[in-house]
Amino acid sequence: MGELVVVMGVSGSGKSTVGAALAQRLRVPYADADDLHSPGNVAKMAAGEPLDDDDRYPWLEEVGHWLGDHPDGGVMSCSALKRRYRDQLRRHVPGDQLGFVHLEASPEVIRRRQASRPGHFMPGSLLDSQLSTLEPLGPGERGFAVDVAQGVDACVEACVRGLAALADTPSGAPASDHGGENR
Ligand SMILES: Nc1ncnc2c1ncn2[C@@H]1O[C@H](COP(=O)(O)OP(=O)(O)OP(=O)(O)O)[C@@H](O)[C@H]1O
Ligand SMILES: O=C(O)[C@H](O)[C@@H](O)[C@H](O)[C@H](O)CO
């Protein structure tokens with residue numbers, strides 16, 4: 001049974017970059033939730049408007065279907081900003097198999113990285129709404145945080161260490177501290 005992981009965080013936190021590299025390291029399938037947004041959602045964000053719960057619900061159902069279709073393991077990059085969004089994704093996966101890796105960095109680091117992507121549809125102006133919407137992993141949520149102020153390879157290794165610790169932790173119990181902040 002491979003790891004089934006959602007790499008989460010605000011826009012610009014590195015979900016696509018670290019998620020794809022982690023999937024390669026784990027030798028499991030990868031998907032980017034950005035590719036599952038409706039044209040309407042993309043247009044709304046490109047226009048500088050944040051998505052709301054109604055916008056995200058059908059999109060997260062698509063993400064959940066992909067997760068449910070990969071019981072042998074996979075990595076999905078998805079913002080999953082609110083606990084209720086992560087509850088929605090967990091409903092698609094039996095048991096407590098789904099783990100979340102929250103990519104964290106200071107707003108300054110993330111703002112700088114967002115700016116380094118000319119042509120991406122997500123304007124930097126939306127970062128504040130992303131940060132105010134974000135709910136970090138809470139009690140009973142299977143997962144951990146990784147500081148992405150480090151390079152991509154170091155982030156991936158921190159993810160691998162954290163997932164190994166999660167695998168040693170009975171479902172539902174808080175994972176032991178490891179390569180990043182524990183939630
Ligand atoms: N650990 C890292 N160190 C340095 N640069 C990074 C790191 N992770 C990502 N980046 C760079 O930061 C920028 C944002 O990364 P990425 O597009 O993966 O973020 P994202 O969370 O997927 O954003 P969005 O949700 O808006 O698509 C990219 O230019 C990427 O190359
Ligand atoms: O939940 C959301 O508001 C969106 O998914 C953003 O967090 C993504 O980063 C966006 O897809 C831009 O890439």
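Read the numbers this way: they start at 1 and go in the same order the structure lists the ligands and their atoms. Worth knowing before you read on, the calculation uses all heavy atoms, side chains too, and leaves out hydrogens, waters and symmetry mates.
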### Short side-chain to backbone donor-acceptor contact, Arg86 and Ala80, under 3.5 Å
yes
### Summary
In this structure, atom 12 (C) of ligand 2 is nearest to the protein heavy atom Met122 SD, 3.5 Å
### Query
For ligand 1, does Leu103 get within less than 4.0 Å through its side chain, its backbone, both, or neither, judged by non-hydrogen atoms?
neither
### Message
For ligand 2 and Trp59, I'd like to know whether there is a polar contact (N/O to N/O, distance under 3.5 Å).
### Response
no
### Query
What is the nearest protein non-hydrogen atom to atom 3 (N) of ligand 1, stated with its residue, atom name and distance?
Arg113 NH2, 3.2 Å
### Query
If you measure from CD on Gln88 to NZ on Lys82, what distance do you get to the nearest 0.5 Å?
11.5 Å
### Task
Examine Val18 against ligand 1 and note whether any of their N/O atoms are separated by less than 3.5 Å.
no
### Task
If you have a sec, work out which protein heavy atom is nearest atom 18 (O) of ligand 1 and how many Å separate them, to one decimal?
Thr17 OG1, 2.7 Å
### Message
Check this for me, if you would: do Asp153 and Arg25 make a salt bridge, where the nitrogen-to-carboxylate-oxygen distance has to be below 4.0 angstrom?
### Response
no
### Message
Judged on heavy-atom distance to atom 11 (O) of ligand 2, which of Asp34, Asp55, Thr133 sits nearest?
### Response
Asp34
### Task
Report yes if Lys15 has an N/O atom closer than 3.5 Å to an N/O atom of ligand 1; otherwise report no.
yes
### Message
Test side chain to side chain contact (heavy atoms under 4.5 Å, CB included) on Lys44 and Leu51; report intermediate values, then the result.
### Response
CA-CA 7 Å; Lys44 189 168 182 178; Leu51 301 181; 4.1 Å; yes
#### Entry: contact_flag Phe121 ligand 2 heavy-atom lt 4.0 Å
yes
### Message
Return the CZ to CZ distance between Arg90 and Arg83, rounded to the nearest 0.5 Å.
### Response
5.5 Å
### Query
Between His92 and His65, how do the two ring planes meet: parallel, tilted or perpendicular, split at 30° and 60°?
perpendicular
### Ligand-side contact atoms (ligand 1) for residue partner Val10, heavy atom cut-off under 4.0 Å
21 (O)
### Message
Show the atoms of ligand 2 that are less than 4.0 angstrom away from any heavy atom in Ser79.
### Response
1 (O), 2 (C), 4 (C), 5 (O), 7 (O)
### Query
Can you check whether Cys155 has an N/O within less than 3.5 Å of an N/O in ligand 1?
no
### Task
For His120, take its heavy atoms, then give the atoms of ligand 2 lying under 4.0 Å from any of them.
13 (O)
### Message
So Leu60 and Cys78, do their side chains get closer than 4.5 Å, heavy atoms only?
### Response
yes
### Message
Does only the side chain of Gln150 get under 4.0 Å from ligand 1, or the backbone, or both, or neither? Count heavy atoms.
### Response
backbone
### Query
Side-chain contact, heavy-atom cut-off 4.5 Å: Leu98 with Val6?
yes
#### Entry: Val148, portion touching ligand 1 at heavy-atom distance under 4.0 Å
backbone
### Atoms of ligand 2, numbered as shown, that sit under 4.0 Å from any heavy atom of His37
4 (C), 5 (O), 11 (O)
